[in-house]
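Scope of the values below: all heavy atoms of this structure, side chains included, with no hydrogens, waters or symmetry mates.
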Amino acid sequence: MNDMRVAEARMQQQTDTKISARGVQVHYGDKHALKDVNVDILDKTVTAFIGPSGCGKSTFLRCINRMNDTIDICRVAGRIALDGEDIYDRRVDPVQLRARVGMVFQKPNPFPKSIYDNVAYGPRIHGLARNRAELDEIVEKSLRGAALWNEVKDRLNDPGTGLSGGQQQRLCIARAVATQPEVLLMDEPCSALDPIATGQIEELIDQLRTEFSLVIVTHSMQQAARVSQKTAFFHLGNLVEYGSTEDIFTNPRDPRTESYISGRIG
Ligand SMILES: Nc1ncnc2c1ncn2[C@@H]1O[C@H](COP(=O)(O)OP(=O)(O)OP(=O)(O)O)[C@@H](O)[C@H]1O
């Protein structure tokens, strides 16, 4: 392929829809938490969800890998498709789905296991390695992918919980990456981290987007501006505005978005 064709192919990738949401409504009991959300999330792109506390960002993020299934009072309606397939279809196994759509939480939550076993856990339960050598390879590749390998390669049998907060969060990213996800959901992944660890995670996010689609919930507008190419602004359960991060921050169309990004609501 000549340079032009390569550039075109890359552009093509970035406009491919990975997740498509139509008419998504979420209730927690009587509380109507998400109202008719429609959005197409692109492949190999970082999408930031921003908006004031309680506007429904995490609720929508959790819809994308059916984490809300674990909340008894939560009801999800509408359609969310991954590569065109309805993820709420009865035939979809949520455990398999969560291997394809990984998640990293606000607080690093390594399993009480060794560093190695934290990363090997997913590949083991999903049968991704035929033998120990293959598993070792996946663990190393995932830890490298999460920019943690050099710091832990000599202590893979030490407990994951013994790492620093920033290292634990990168371990959780390695654990998610180990099942070769197509989408990685991150719910305020840096809120428990110092600026240096935050910078490392942000750099990592930028590298990972060459491989798959990332969606990040963040309260930091600077972070959204630094790491994302697309931004969705939520307010009171509505997805008010979605577009290129540059447009959302420099030329918002909706007055609610404008008020939020200029600090008048929040
Ligand atoms: N498990 C739950 N049970 C009942 N109500 C919930 C539950 N989780 C969220 N809600 C409600 O749904 C609404 C949206 O919450 P959500 O956590 O999605 O907002 P958010 O935008 O992520 O907020 P924050 O930025 O504070 O994390 C809120 O009114 C919240 O109180």
Side-chain angles (χ1 to χ4, degrees), residues 7-22 24 34 37-65 80 82 101-104 106 169 173 176 181-191 193 195 197-266:
E8 272 170 18
R10 210 172 283 146
M11 286 299 287
Q12 182 65 39
Q13 282 177 335
Q14 289 174 0
T15 55
D16 280 348
T17 295
K18 189 69 191 171
I19 298 155
S20 151
R22 291 292 175 272
V24 175
L34 267 191
V37 171
N38 297 288
V39 67
D40 287 334
I41 291 171
L42 304 183
D43 199 13
K44 299 192 169 61
T45 298
V46 181
T47 302
F49 289 175
I50 62 167
S53 191
C55 65
K57 308 178 292 291
S58 300
T59 295
F60 185 53
L61 193 76
R62 290 195 304 262
C63 287
I64 301 173
N65 69 347
I80 299 180
L82 176 66
V101 184
M103 192 156 192
V104 171
Q106 190 168 356
Q169 196 61 307
I173 293 172
E182 296 161 51
V183 180
L184 187 59
L185 309 174
M186 306 179 109
D187 198 349
E188 297 182 53
C190 302
S191 63
L193 306 181
T198 297
Q200 288 169 330
I201 301 283
E202 289 183 0
E203 222 170 273
L204 188 52
I205 290 172
D206 199 48
Q207 285 160 19
L208 292 176
R209 86 176 158 96
T210 59
E211 293 170 43
F212 45 77
S213 167
L214 292 105
V215 186
I216 175 172
V217 167
T218 178
H219 276 282
S220 160
M221 281 181 277
Q222 289 86 348
Q223 180 168 69
R226 281 194 300 265
V227 301
S228 72
Q229 294 77 51
K230 291 276 187 178
T231 294
F233 170 66
F234 290 80
H235 186 243
L236 299 174
N238 297 296
L239 198 177
V240 170
E241 193 165 345
Y242 170 64
S244 81
T245 298
E246 198 181 341
D247 283 350
I248 297 282
F249 282 95
T250 58
N251 194 17
R253 275 171 292 144
D254 192 286
R256 290 167 290 182
T257 318
E258 209 272 322
S259 293
Y260 182 71
I261 60 162
S262 61
R264 286 198 291 274
I265 53 170

> Do Ile205 and Met186 come close enough that some side-chain heavy atom pair is under 4.5 Å?
Replying inline: yes
> Side-chain contact, heavy-atom cut-off 4.5 Å: Thr45 with Ser213?
Replying inline: no
>> Quick check: do Gln223 and Ile216 have side-chain heavy atoms less than 4.5 Å from each other?
In response: yes
>> Please check if the number of heavy atoms outside Glu246 that lie under 6.0 Å from its CD is greater than 12.
In response: no
> Tell me, do Thr218 and Ile50 make a side-chain contact under 4.5 Å, heavy atoms counted?
Replying inline: yes
>> Before you tell me yes or no, could you show the steps for Leu208 and Ile173 under side chain to side chain contact (heavy atoms under 4.5 Å, CB included), namely the whole-Å CA-CA distance, both residues' side-chain angles and the distance that decides it to 0.1 Å?
In response: CA-CA 10 Å; Leu208 292 176; Ile173 293 172; 3.9 Å; yes
>> Main chain of His219, side chain of Glu188: is a donor-acceptor contact present, judged purely on distance under 3.5 Å?
In response: no
> Rounded to the nearest 0.5 Å, what separation is found between the CZ atom of Phe233 and the CG atom of Asp254?
Replying inline: 7.5 Å
> Does atom CZ of Arg22 have more than 12 heavy-atom neighbours, drawn from other residues, nucleotides or ligands, at distances under 6.0 Å?
Replying inline: yes
> What distance separates Lys44 NZ from Thr210 OG1, expressed to the nearest 0.5 Å?
Replying inline: 8.0 Å
> About how many Å separate CD1 of Ile261 and OG1 of Thr250, when rounded to the nearest 0.5 Å?
Replying inline: 8.0 Å
>> Nearest 0.5 Å, please: how far is OG1 in Thr198 from CD in Glu203?
In response: 12.0 Å
> Taking all non-hydrogen atoms of both residues, which atom of Ser58 and which atom of Asp187 are closest, and how far apart?
Replying inline: OG-OD2, 3.1 Å
> Can you check whether Lys230's main-chain N or O pairs, donor with acceptor, with Tyr242's side chain at less than 3.5 Å?
Replying inline: no
> Nearest heavy-atom pair of Lys18 and Glu182: which atoms, and what distance?
Replying inline: NZ-OE1, 2.9 Å
> Looking at side-chain heavy atoms only, is the closest gap between Ile248 and Tyr260 below 4.5 Å?
Replying inline: no
> Would a 4.5 Å heavy-atom cut-off, applied to side chains only, mark Thr17 and Leu42 as touching?
Replying inline: yes
>> With rounding to the nearest 0.5 angstrom, report the NE2 to CZ distance, His235 to Arg256.
In response: 7.0 Å
> What pair of heavy atoms forms the shortest contact from Asp206 to Arg209, and how long is it?
Replying inline: OD1-NE, 3.1 Å
>> I'd like to know if the side chain of Thr245 and the backbone of Ser228 have a donor-acceptor N/O pair within less than 3.5 Å.
In response: yes
>> So, taking the atom named CZ in Arg253 and the one named CG in Asp247, what distance separates them when rounded to the nearest 0.5 Å?
In response: 7.5 Å
>> I'd like to know whether Ile19 forms a side chain to side chain contact (heavy atoms under 4.5 Å, CB included) with Ile80, so could you lay out the CA-CA distance, the side-chain angles of the two residues, the decisive distance to 0.1 Å, and finally the verdict.
In response: CA-CA 7 Å; Ile19 298 155; Ile80 299 180; 3.8 Å; yes
> Got a donor-acceptor contact below 3.5 angstrom from the Lys57 side chain to the Phe234 backbone?
Replying inline: no
> Between Thr257 (side chain) and Pro255 (backbone), is there a donor-acceptor pair under 3.5 Å?
Replying inline: no
> Which heavy-atom pair separates Val24 from Cys63 by the least distance, and what is that distance?
Replying inline: CG1-SG, 4.4 Å
> Which atom names give the shortest non-hydrogen contact between Phe249 and Ala224, and what distance separates them?
Replying inline: CZ-CB, 3.9 Å
> Counting N and O atoms only, with roles assigned by atom type, does the side chain of Ser262 sit under 3.5 Å from a partner on the main chain of Ser259, one being a donor and the other an acceptor?
Replying inline: yes
> Are the side chains of Gln169 and Pro189 in touch, meaning some heavy atoms are under 4.5 Å apart?
Replying inline: yes
> Any side-chain heavy-atom pair from Ile64 and Met103 closer than 4.5 angstrom?
Replying inline: no
